[in-house]
K.L.:
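My questions will all concern the structure given below.
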Amino acid sequence: MKVRTRVAPSPTGDPHVGTAYMALFCLAFARQHGGQFILRIEDTDAARSTPESEQQILDSLRWLGLDWDEGPDVEGPFGPYRQSERVAQGLYQQYSDQLIENGHAFKCYCTSERLDEMRKAQTEKGEFAKYDGQCIHLSAADHAEHLKSETPFVVRMVIPTQGTCIVKDKLRDDIEIDWSQIDMQVLLKSDGNPTYHLAVVVDDHLMEITHIIRGEEWINSAPKHILLHQYLGWDMPELVHMPLLRNPDKSKLSKRKNPTSILFYQRMGFLPEAVLNYLGMLGWSMPDGEEKFSFQEMVDSFDIDRISLGAPVFDVDKLTWLNGRWLRESLSDDEFADRLVDWAYNRENLLKVIPLIRERVDVFTELAGKASFLLEGMPELTEADLQIKNLEPEDVLKILQFALWKSEALRTWERDLLNDLFMQLAEQMDRKVRDVLAPIFVAIAGSPVSPPLFDSMAILGPDMCRARLRHSINILGGVGKKKMKKLEKEFNALGR
RNA sequence: GUCCCCAUCGUCUAGAGGCCUAGGACACCUGGUUUUCAUCCAGGCAACAGGGGUUCGACUCCCCUUGGGGAUGCCA
């Protein structure tokens, strides 16, 4: 059997290190067995998917060297590799129809209001919230009537009313999940797009995926996937559920608490081989215990049974140490110079910076000091640096937190949009623009005197800016749980 | 609430019943090398969540408790 693995990110935000983590193990496993690794774009959520995000995912996985054998930009025999294009071919519709025909799925006309109420009532009774099956009993006449009145509908899958599903996972004992705990999953949304559950099953089968390596968060939906394979008469691929990367507080790694974007680590000046090495040592180890290893070395000694199931905390300190080793031990001076130029010390990057700096210098020697913040990581700040004229320390903290939230909501990171965003914030907070911007200047530029803020932020990019805002918030002692709730309330009251 | 997964130093991990007085690494502390700093070297601190079994013998196997996490969407 030829091994084929896949990673299937949805292009709905920044390229996540979790995606790279899964891709790394998929690739390592595939390479170890002389198999193939496929990149598939799961853009069935029309409202949230963007082409920019897709491009970033492609770029950052490629930056890491996680090259795919087939994907949206690499021709392959099982294309297209973008689900939206597969939707256009009517691929999922066809299987959805087949499932309905065979009595494995049904059309459901229930409104979201009714479903909300139903779930609420079930939860209150201490039950597992799931669809109550109302539309499963509809007669042919009922369906005809709905068809005539063009009632929007979804397609749901039929779930056994009793018994247990056994989920086989290569890394753990058999998992038993009662069918009563499985909802009659929507397969086709009312807009005609498939949900993840239908799309993943159809595509994995059609693309001849043999091993599904994915996050632990999917264990509970595995029964749906197994059942769909049965309904369609297909063989189920082998399952490997990887542990989830965690924040220092052990919750699932999230951008609210940590920089999660691969772009951030690139921007911070990490080497791709070090990042990959670090991801590889989370949940996996070399047989001889060596911590520094290249991807090829990982493949050469790869053994899926050496994956440990405890949830690893993503520790930037250790990544930094490892990156230092790569820098010192694996690069010649020549290569070091080349990498540095590739990274940021190049003409293209300089041309972004010069327009902001040239008016502010008289001789070249002044340049480094004024532009350094654009090439640095976290600015070195103390609490004293964040004492701002006209503002109480509480206000500074609040402004920074609000700025962070505002910036998290921003979809496209551009100068003018940033400008609008913070003008709006000042207005909503009923404060002078200058006062609101002052702490943000310090947090971003490391000094109250700096080139224009929004241009600088645009150059630094969203991840670096968010990280710096968070950095300053932490310097001020951070925001406790209680205070966070209060601030959140206040923030939401600002309106949009 | 219900279901599922997981559990070794603060963090990443080694450990497949006796090799464990639990090993390595990051972080931290101490000392050495270095004009300084960094690197490097040497050393130190620090863990088997708790309770029951099984066994001649449990970090390792089983059960319970606790803790953490996840799922519970017309998001993936």
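Computed from a predicted model, the values in this text were never measured in an experiment.
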K.L.:
Is A:Q122 touching bases, backbone alone, or none of the nucleic acid, heavy atoms closer than 4.0 Å?
P.N.:
nothing
K.L.:
Could you measure between the two P atoms, the one in B:rU30 and the one in B:rC37, and give it in whole Å?
P.N.:
13 Å
K.L.:
NA contact type, A:G310, heavy-atom cut-off 4.0 Å: base, sugar-phosphate, or nothing?
P.N.:
sugar-phosphate
K.L.:
Quote, to the nearest angstrom, the C1' distance that separates B:rU21 from B:rU33.
P.N.:
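Between the two C1' atoms, the distance is 33 Å.
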K.L.:
Name all residues meeting the salt bridge (Lys or Arg N to Asp or Glu O under 4.0 Å) criterion together with A:D342; count only those two or more places apart in sequence or in a different chain, and write none if there are none.
P.N.:
none
K.L.:
Within 45° of the axis and under 6.0 Å from the centre of the six-membered ring of A:F302, does NZ or CZ of A:R31 qualify?
P.N.:
no
K.L.:
Just by modelled atom types, is the A:W405 backbone N or O under 3.5 Å from a matching donor or acceptor in the A:R466 side chain?
P.N.:
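Flag not set: sc A:R466 to bb A:W405 has no pair under 3.5 Å.
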K.L.:
Can you tell me which nucleotide in B:rG24, B:rG1, B:rU2 comes closest to the side chain of A:E291?
P.N.:
B:rG24
K.L.:
Does A:R214 reach a base, just sugar-phosphate, or nothing at all? Heavy atoms under 4.0 Å.
P.N.:
nothing
K.L.:
Do the charged groups of A:R40 and A:D203 touch, with an N to O distance under 4.0 Å?
P.N.:
yes
K.L.:
For A:Y265, which of A:W63, A:W343, A:F314 qualifies under ring-ring contact (aromatic ring centres under 6.0 Å, His included)?
P.N.:
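Answer to the ring-ring contact (aromatic ring centres under 6.0 Å, His included) test with A:Y265 among A:W63, A:W343, A:F314: A:F314.
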K.L.:
Counting only heavy atoms and a strict 4.0 angstrom limit, can you tell me which residues of residues 317-341 of chain A come near RNA chain B?
P.N.:
A:D317, A:K318, A:W321, A:R328
K.L.:
Go along nucleotides 69-76 of chain B 5' to 3' and tag each nucleotide: B for a protein heavy atom under 4.0 Å from its base, S when only backbone or sugar atoms are that close, - otherwise.
P.N.:
SBSSSBBB
